[in-house]
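Here the structure comes first, spelled out in structure tokens, and everything after it is commentary.
Residue numbering restarts at 1 for every chain, and letters A, B, ... go by the order of the sequence lines. Basis for what follows: all heavy atoms, side chains included, without hydrogens, waters or symmetry-related copies.
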2 protein chains.
Amino acid sequence: MQSFNAYSANCPTRLVLDRIADKWAVLVLGLLSNGPVRFNQLRRQIDGVSQKMLSQTLKSLERDGLVHRKAIPTVPVTVEYSITPLGRTLVETVDGLRIWAETHMPEVQKSQNRYDRALA
Amino acid sequence: MQSFNAYSANCPTRLVLDRIADKWAVLVLGLLSNGPVRFNQLRRQIDGVSQKMLSQTLKSLERDGLVHRKAIPTVPVTVEYSITPLGRTLVETVDGLRIWAETHMPEVQKSQNRYDRALA
DNA sequence: CTGAATCCCGAGAGATACTG
DNA sequence: CAGTATCTCTCGGGATTCAG
């Protein structure tokens, strides 16, 4: 558990946490894990995302090697995004958190209710 | 993979992600997993945390049932924080991310370097 | 010692308009 | 269709001060 004993901007665990802390990034990876999708398709499927945020998110995911960008030279140009093998391993890992969430969230909410009632 | 197909503030996975997105929360849980610690001990061990953030973090962790708060009526009062069994299961889950990070971060960085060089 | 309350500030998100 | 550019503004974090 050494990684937790000190905060460091270079801590690899921290970097991954920051990555999946990004709401849009996780949603994009999840959608792409079902197959390639084009930009505006993603935009429509992810409710509430702005062009700017989607663009930023995709760019950084591509930079990290988690997503592949393929521009098809049609007129007008179409761009297809797909998940990489590396990205897929991350999705699988995040799935562990999903399991935890589904298993333990009821308990967390019970605790929250207890806590809130104790205040009132 | 249903949970990823739409953004919802009530998505349990999202709630957990938001929780561990909190830098201080993860560090606190990591430290407490080694045994109970008092407030100012935590403050000293976590470099760069402010009183405000530590206080907020501990309060919300207690609310979620991840951390237990025990006030000892000395003068002045001392407060001892410890991790709960529930909190321990979360730490173990986050450990999966640590493994991923240590395994795949070199690959991510290689991708980033490639990407950045391609621009220059 | 363990917090709560207040003020202050900058990073980051949204909206809008424009381009290849 | 797939972005970029700019502008604004909010919200969350830091510093400081006060309290039990």
Side-chain angles (χ1 to χ4, degrees), chain A residues 7-9 14-15 17-28 31-32 36-64 67-83 115-116 118-120, chain B residues 7-9 14-15 17-28 31-32 36-64 67-83 115-116 118-120:
Chain A
Y7 170 69
S8 161
R14 181 72 260 144
L15 294 173
L17 288 175
D18 286 342
R19 167 42 83 208
I20 65 173
D22 182 341
K23 180 171 72 177
W24 305 127
V26 175
L27 291 170
V28 165
L31 283 175
L32 292 186
V37 186
R38 286 185 296 118
F39 187 86
N40 276 346
Q41 279 183 306
L42 275 174
R43 183 153 158 56
R44 276 188 297 272
Q45 290 183 55
I46 301 181
D47 196 45
V49 72
S50 65
Q51 291 172 340
K52 177 186 172 182
M53 291 314 297
L54 183 55
S55 181
Q56 280 183 7
T57 300
L58 286 168
K59 200 187 295 185
S60 68
L61 286 173
E62 187 196 359
R63 189 174 108 96
D64 288 352
V67 156
H68 177 66
R69 181 184 190 276
K70 180 181 178 187
I72 306 167
T74 54
V75 179
V77 65
T78 60
V79 180
E80 192 179 82
Y81 290 95
S82 54
I83 195 167
Y115 186 94
D116 293 344
L119 292 183
Chain B
Y7 170 69
S8 161
R14 181 72 260 144
L15 294 173
L17 288 176
D18 286 342
R19 166 43 83 209
I20 66 172
D22 182 342
K23 178 171 73 178
W24 306 127
V26 176
L27 292 170
V28 166
L31 283 175
L32 291 186
V37 187
R38 286 186 298 118
F39 187 85
N40 276 346
Q41 278 183 307
L42 275 175
R43 182 154 158 56
R44 276 187 296 271
Q45 290 183 55
I46 300 179
D47 196 45
V49 71
S50 65
Q51 288 173 340
K52 177 186 175 182
M53 292 313 299
L54 183 55
S55 182
Q56 281 183 5
T57 300
L58 286 168
K59 199 187 295 184
S60 66
L61 286 173
E62 186 197 0
R63 189 174 108 95
D64 288 351
V67 156
H68 178 66
R69 180 184 191 276
K70 180 180 179 186
I72 306 168
T74 54
V75 180
V77 63
T78 60
V79 181
E80 190 179 84
Y81 290 95
S82 55
I83 195 167
Y115 186 93
D116 294 343
L119 292 183

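Rounded to whole angstrom, the span from the CD atom of A/Gln41 across to the P atom of D/dA2 amounts to 8 Å. The CG-P distance, from B/Leu54 to D/dG12, rounds to 19 Å in whole Å. The nearest whole Å value for the distance from the CG atom in B/Leu58 to the C1' atom in C/dG3 is 11 Å. Atom-to-atom, CG of A/Asn40 to C1' of D/dT4 comes out at 15 Å; the value is rounded to the nearest Å. In this structure, B/Arg69 places its CZ atom 8 Å from C1' of C/dT2, rounding to the nearest Å.
Side-chain contact between A/Leu61 and A/Leu32: absent, with no pair of heavy atoms (C-beta onward) separated by less than 4.5 Å. Between B/Val28 and B/Val49, every side-chain heavy-atom pair lies at or beyond the 4.5 Å cut-off. Side-chain contact between A/Gln51 and A/Leu54: absent, with no pair of heavy atoms (C-beta onward) separated by less than 4.5 Å. Contact annotation: the side chain of B/Glu62 never approaches that of B/Leu58 to less than 4.5 Å [non-hydrogen atoms, C-beta and beyond].
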(request) Could you run through nucleotides 4-20 of chain C and give me one letter per nucleotide, 5' to 3': B if any protein heavy atom sits under 4.0 Å from the base, S if only the sugar-phosphate is that close, - if neither? (result) B-B------BBB-B---
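Comment: B/Asp116 engages A/Arg63 in a salt bridge, judged by a side-chain N to carboxylate O separation of less than 4.0 angstrom.
Counting any heavy atom pair closer than 4.0 Å across all strands shown, B/Arg43 reaches no nucleic acid atom.
Out of D/dG3, C/dT2, D/dC1, the shortest distance to the side chain of A/Arg38 is found at D/dC1.
A distance of 5.0 Å separates CD1 of A/Ile46 from CG of A/Leu31, quoted to the nearest 0.5 Å.
The side chain of A/Arg44 contributes no N or O atom lying less than 4.0 Å from OP1 or OP2 of D/dA2. At least one side-chain nitrogen or oxygen of A/Tyr81 sits closer than 4.0 Å to the OP1 or OP2 atom of D/dG3.
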